[in-house]
Every structure is written in C-alpha cells, then in structure tokens.
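Some notes on the structure that comes next.
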Amino acid sequence: MLLDLSSDQDFLRETTGRCLADHVPSSELRRLRDDPTGFDADYWALGATLGWTSLLVSEDLGGGSISGEGLIDLTLIAHEFGRYAAPGPLVDTNVVAFALSETGDDAHRATLEALLSGASVAAWCYGEPAPNDRLGELALEIAVEGDDVVMRGVKRPVQAARPAEHLLVTGRTGTGLTQVLVPTDTPGISLRPLHTIDVTHRFWEVAFEDVRVPRSAVVGTVGEAAQQVERQTQVAAVILTAESVGAMQRAFDMTLEWAFDRHSFGRPLASYQALKHRFAYMKCWLESSHALSDAAAAAVQHDSADAAELVSVAKAFVGSYGVELAQDCVQLHGGIGVTFEHDLNLFFRRITLNGTLHGTPADHRQRIATIAEQQDDAA
C-alpha cells in the first residue's frame with residue numbers, strides 16, 4: 001500500500017477498515033460460507049456510501065475520487081478488503097461502472113446510477129471455459145441482426161452473476177470485440193453455480209443461447225471495444241493485486257505475532273535462525289508485492305506506455321509469491337494453521353483465488369514475454 005497518503009486517503013482507508021471490522025468480522029465470514037450470495041445487500045449499500053463503487057466514475061456522472069486519482073484511491077479500499085477477506089463484488093461492479101462511464105452512453109445512465117448507489121450490482125462476463133480459458137482468448141459471438149444483437153457462447157467464471165441485475169458481456173464480432181449490457185433475466189441466459197475455495201465469493205457459469213437484445217444495449221461501438229476491454233482488464237488486475245497484497249500483509253502480521261508469542265523449549269519460535277530466514281524471505285516478497293502493486297496502479301491511472309507490462313509483472317509476481325507466502329504462514333502456524341477455525345485460512349483462500357482471476361501468473365508471464373518481443377522488434 002502507498003506509504004505517503006494524503007489525509008483524505010488515510011481517512012478513506014481507515015473508514016473502510018472500520019466498516020469491514022464492524023460488519024464482516026471473521027465470525028460473519030464463516031456464517032456467510034453457506035449463504036447463496038456471499039454478502040448482504042445492506043452491507044454493500046453502506047459501502048457504496050463510503051465510495052466503494054464510485055471512485056472510477058467522474059463527478060458529472062455521479063462519481064468522484066478522493067485524490068483526483070480514482071484507481072489509486074480504489075487500491076486503498078481493495079487493500080482493506082484483502083486485510084479482512086471481505087465479501088462483495090468489488091472488482092466486477094467497479095469495472096462495469098468504469099466501462100459504462102467511459103463510453104458515456106445515455107441508455108445506460110440509470111444502470112450506472114444504481115451501481116454507484118449500491119442499489120444493485122453487476123457482473124463482467126469476460127473469461128471463458130477451456131479451450132478458451134487463457135487470458136484474452138474469447139469465443140463468445142456477438143452478432144448484429146437488424147436492430148438487435150445476438151449472443152451465443154459460454155462465460156466462466158463470472159462473479160456475483162446470481163445477485164447481479166445486469167451482465168456486461170464481452171465477445172467477438174468478426175475480428176473485433178463488442179460489449180453488451182444485458183439484464184440477467186433476459187430469455188436465453190442460464191446460470192450454473194460453480195464451486196470455489198473462497199468463503200464469501202460466488203461464481204457462476206453463464207450460458208448465452210441466442211440471447212437477443214436491442215442494439216441500444218451495446219456499450220460503446222460494435223466491433224471496436226478492444227482498447228476499452230484491455231483497459232478494463234488492467235483495472236481488474238490492479239484491484240485484485242492490491243487486495244491480494246492486503247491479505248498477504250495480514251497473514252504475515254498474524255504469523256509474525258504468533259512466532260513471538262509461541263514458545264518451544266523455553267524460547268519464542270521467532271528466535272530460531274532457520275525461522276528468521278523464512279521470515280526474511282517472506283518480508284522480501286511482501287515488500288516487493290507492495291511496490292509492484294503500487295507501480296501498476298500508478299501506471300494504469302496515468303495511462304503510461306508501460307502500463308500493460310507493469311500490470312502483468314505485478315499480477316505474475318503477486319500471484320506466485322502471494323501463494324508461497326501464505327503457504328509458509330500456514331506451515332509456521334503448525335497444525336492449527338490448516339484448520340477452518342483459524343482466521344489464516346480466510347486470507348490463504350483469498351490470495352489463492354485472486355491469483356487465478358483475470359489471468360494466472362503463467363498468462364501474465366506470457367504477456368510479458370510478448371511485450372518484450374514486440375519491444376525488440378521495434379528496436
């Protein structure tokens with residue numbers, strides 16, 4: 001997380017942290033394990049009043065940021081979400097709101113207002129099942145037929161598809177990409193719940209069988225959404241990475257405290273040299289993750305030329321070493337670390353899940369290699 005926060009940013013972070021501590025303590029997260037939605041609607045509406053849904057939207061559309069850099073402000077909230085393993089569709093709702101605000105379509109203004117107020121949530125239908133499960137590989141077809149657009153294909157995993165009132169569907173129209181905002185109850189849409197390791201996040205497979213909606217449902221321009229989709233992917237990855245770093249920090253802090261409190265042969269565990277070495281490695285991974293997450297957020301915020309590269313570097317590094325750190329924390333706790341009753345499992349689950357969403361470490365390493373090859377060709 002950023003070291004040099006303004007007073008307003010620090011207030012945003014602290015307010016979010018207090019809200020999460022009060023409304024979703026670990027006992028509530030365990031209760032939500034069997035909840036079909038995974039979060040409470042009133043809790044999400046309260047979060048919207050704190051700015052959880054509006055930081056990527058301009059003031060003239062009902063949003064607004066704390067510092068003038070909405071994505072960076074949003075990473076502060078995401079960091080707190082990670083520290084508390086908090087529920088709620090933080091990534092999807094913000095990405096959909098961002099997409100609707102960027103295109104400025106009046107047809108979607110009411111939906112945007114509902115998202116900003118927390119009255120409803122939306123889901124981004126982007127990823128697809130095998131063999132199209134690599135980042136950026138899309139097969140769902142969006143065809144223009146007269147005054148309508150028709151969707152055919154399958155999306156998975158889609159977070160919060162069941163409570164969502166609208167789906168932002170990304171698919172192919174010829175050689176280009178198109179995005180469509182579709183009400184969840186549109187005929188031809190079917191949802192199948194998926195299993196996940198996370199306690200509160202819920203995912204679905206969404207099938208589109210000749211789903212027909214008016215052409216006014218298109219977000220932006222038919223066949224010309226590639227640049228916007230890339231931007232959305234970067235935003236999603238930045239939010240996920242910041243959240244994972246928050247969970248890593250909480251897991252590390254818990255384990256460090258445990259190592260000083262727990263004694264073996266009359267000495268605290270933290271006094272043993274072998275364990276000091278493990279903590280040193282984890283601290284290096286943690287601080288590097290903080291730095292990379294912040295650098296990626298700043299690059300996307302300012303639309304830097306190296307934004308895509310920095311996002312993939314951050315996502316690949318945190319996705320790999322976050323899981324490594326969480327595994328070490330579990331091992332250092334001993335047997336209690338693998339129990340559901342211990343809070344450590346909540347953060348381990350969140351870190352592991354986030355590493356698979358919007359590109360695995362392998363996907364992003366491939367992107368880094370592609371970018372490097374392009375730079376060599378240009379030179």
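Predicted, not measured: the structure shown is a model, and the values here were computed from it.
In this structure, the side chain of R215 does not engage the main chain of D147 through any donor-acceptor pair within 3.5 Å. Not one N or O on the side chain of D210 forms a donor-acceptor pair closer than 3.5 Å with the backbone of M151. With S304 contributing its side chain and A307 its backbone, the two residues share no donor-acceptor pair below 3.5 Å. Checked by atom type and distance alone, the side chain of D376 never pairs as donor or acceptor with a backbone atom of E373 at under 3.5 Å. A donor-acceptor contact shorter than 3.5 Å is absent between the side chain of S271 and the backbone of R267. Side chain of T103 to main chain of A99: a donor-acceptor pair is present (N/O by atom type, distance under 3.5 Å, no hydrogens or angles). At least one donor-acceptor pair under 3.5 Å links the side chain of S6 to the backbone N or O of Q9. Of the possible donor and acceptor atoms, none in the side chain of R250 sits under 3.5 Å from a partner among the backbone N and O of L344. T15 places no side-chain N or O within 3.5 Å of a backbone atom of L12 that could act as its donor or acceptor partner. Remark: the backbone N or O of K276 is not paired with any side-chain donor or acceptor of Y281 at under 3.5 angstrom.
Listed here is the closest heavy atom pair of H23 and E28: O-CG, 3.6 Å. The two residues A97 and T53 have their closest heavy-atom pair at CB-O, 4.2 Å. The shortest heavy-atom contact between A251 and L325 is CB-CD2, 4.5 Å. Of all non-hydrogen atoms in E80 and G17, the two that sit nearest each other are OE1-CA, 3.5 Å. Here the shortest heavy-atom pairing between L71 and Q301 reads N-OE1, 2.8 Å. For the pair T178 and I142, the tightest heavy-atom approach, listed with the atom from each and the gap, is O-CD1, 3.3 Å.
Using a 4.5 Å cut-off on side-chain heavy atoms (C-beta onward), H302 and E69 make contact. Contact of the F208 side chain with the V150 side chain is not registered, since no non-hydrogen atoms from C-beta on lie closer than 4.5 Å. Counting heavy atoms from C-beta on, the side chains of L55 and I77 come closer than 4.5 Å. By the 4.5 Å heavy-atom criterion applied to side chains, M282 and E324 are not counted as neighbours. V182 has its side chain out of reach of H166: every pair of non-hydrogen atoms, C-beta onward, lies at least 4.5 Å apart. F203 places none of its side-chain heavy atoms less than 4.5 Å from the side chain of R156. Side-chain atoms of L5 and L76, non-hydrogen and from C-beta on, do get closer than 4.5 Å to each other. At a threshold of 4.5 Å between non-hydrogen side-chain atoms, the residues E209 and R152 do not count as touching.
At a threshold of 4.0 Å, the pair K283-E287 counts as salt-bridged, since one of the basic side-chain nitrogens sits closer than that to a carboxylate oxygen. Note on D106 versus R109: salt bridge recorded, some NZ/NE/NH1/NH2 to OD/OE distance being below 4.0 Å. Electrostatic pairing of R172 and E141 does not count as a salt bridge here, judged by no charged N lying under 4.0 Å from a carboxylate O. A salt bridge does not link R349 to D198: none of the charged side-chain nitrogens sits closer than 4.0 Å to a carboxylate oxygen. A salt bridge does not link R367 with E309: none of the charged nitrogens is closer than 4.0 Å to a carboxylate oxygen. Taking 4.0 Å as the cut-off between side-chain N and carboxylate O, D343 and R30 count as a salt-bridged pair.
For the residue pair E165 / T184, no side-chain donor-acceptor distance below 3.5 Å is found, with atom types taken as modelled. No hydrogens or angles considered: nothing links the side chains of D10 and S7 as a donor-acceptor pair under 3.5 Å. Residues R134 and Q366 bring no donor and acceptor atom of their side chains to less than 3.5 Å of each other.
Both the sub-6.0 Å distance and the 45° axial angle are not jointly satisfied by R231 relative to the ring of F98.
At a threshold of 4.5 Å between side-chain heavy atoms, the hydrophobic network of Ile, Leu, Val, Met, Phe, Trp and Tyr places V245 and Y84 in two separate groups. Residue F39 is not grouped with residue W204 when hydrophobic side chains (ILVMFWY) are merged at heavy-atom distances under 4.5 angstrom, including chains of intermediate members. In the hydrophobic clustering of ILVMFWY residues, with side-chain heavy atoms under 4.5 Å counting as a link, L50 and F81 come out together. Connection of V218 to L168 is not established within any shared hydrophobic cluster, with ILVMFWY side chains joined at heavy-atom distances below 4.5 Å, either directly or through further cluster members. By the rule that hydrophobic residues join a cluster once side-chain heavy atoms approach within less than 4.5 Å of another member, L32 and V91 end up as members of separate clusters.
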Inset, instruction - Given side chain to side chain contact (heavy atoms under 4.5 Å, CB included), test S293 with T75 step by step and report yes or no. - result: CA-CA 9 Å; S293 176; T75 62; 5.6 Å; no

Legend entry - Steps toward side chain to side chain contact (heavy atoms under 4.5 Å, CB included) verdict (S101, L112): CA-CA 7 Å; S101 66; L112 177 60; 4.3 Å; yes

Inset, instruction - With side chain to side chain contact (heavy atoms under 4.5 Å, CB included) as the test, would you mind laying out the steps for L90 and L74 before giving the verdict? - result: CA-CA 9 Å; L90 185 69; L74 185 54; 4.3 Å; yes

Inset, instruction - Kindly determine whether S190 and V206 satisfy side chain to side chain contact (heavy atoms under 4.5 Å, CB included), including the steps that lead there. - result: CA-CA 6 Å; S190 59; V206 184; over 6 Å; no

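In this structure, D92 CG and L167 CG are separated by 10.0 Å, a value rounded to the nearest 0.5 Å. If you take CG on L269 and CG on D261, they are separated by 10.0 Å, rounding to the nearest 0.5 Å. With rounding to the nearest 0.5 angstrom, the OH atom of Y321 is 9.5 Å from the OG atom of S289. Here the OG1-NE2 distance, from T370 to H364, works out to 12.0 Å after rounding to the nearest 0.5 Å. Atoms CD and CG, on E102 and L61 in that order, are 9.5 Å from each other to the nearest 0.5 Å. In this structure, CD in Q232 is found 10.0 Å from CD in E230, a value given to the nearest 0.5 Å.
Taking the six-membered ring wherever Trp is involved, the centroid distance between the rings of H79 and H290 falls below 6.0 Å. The aromatic ring centroids of W285 and F252 lie 6.0 Å or more from each other.
Within 6.0 Å of the CZ atom in F11, the count of heavy atoms belonging to other residues, nucleotides or ligands does not exceed 12.
Evaluation of the ring-ring contact (aromatic ring centres under 6.0 Å, His included) rule for Y126 yields W124 as partners, not counting sequence neighbours.
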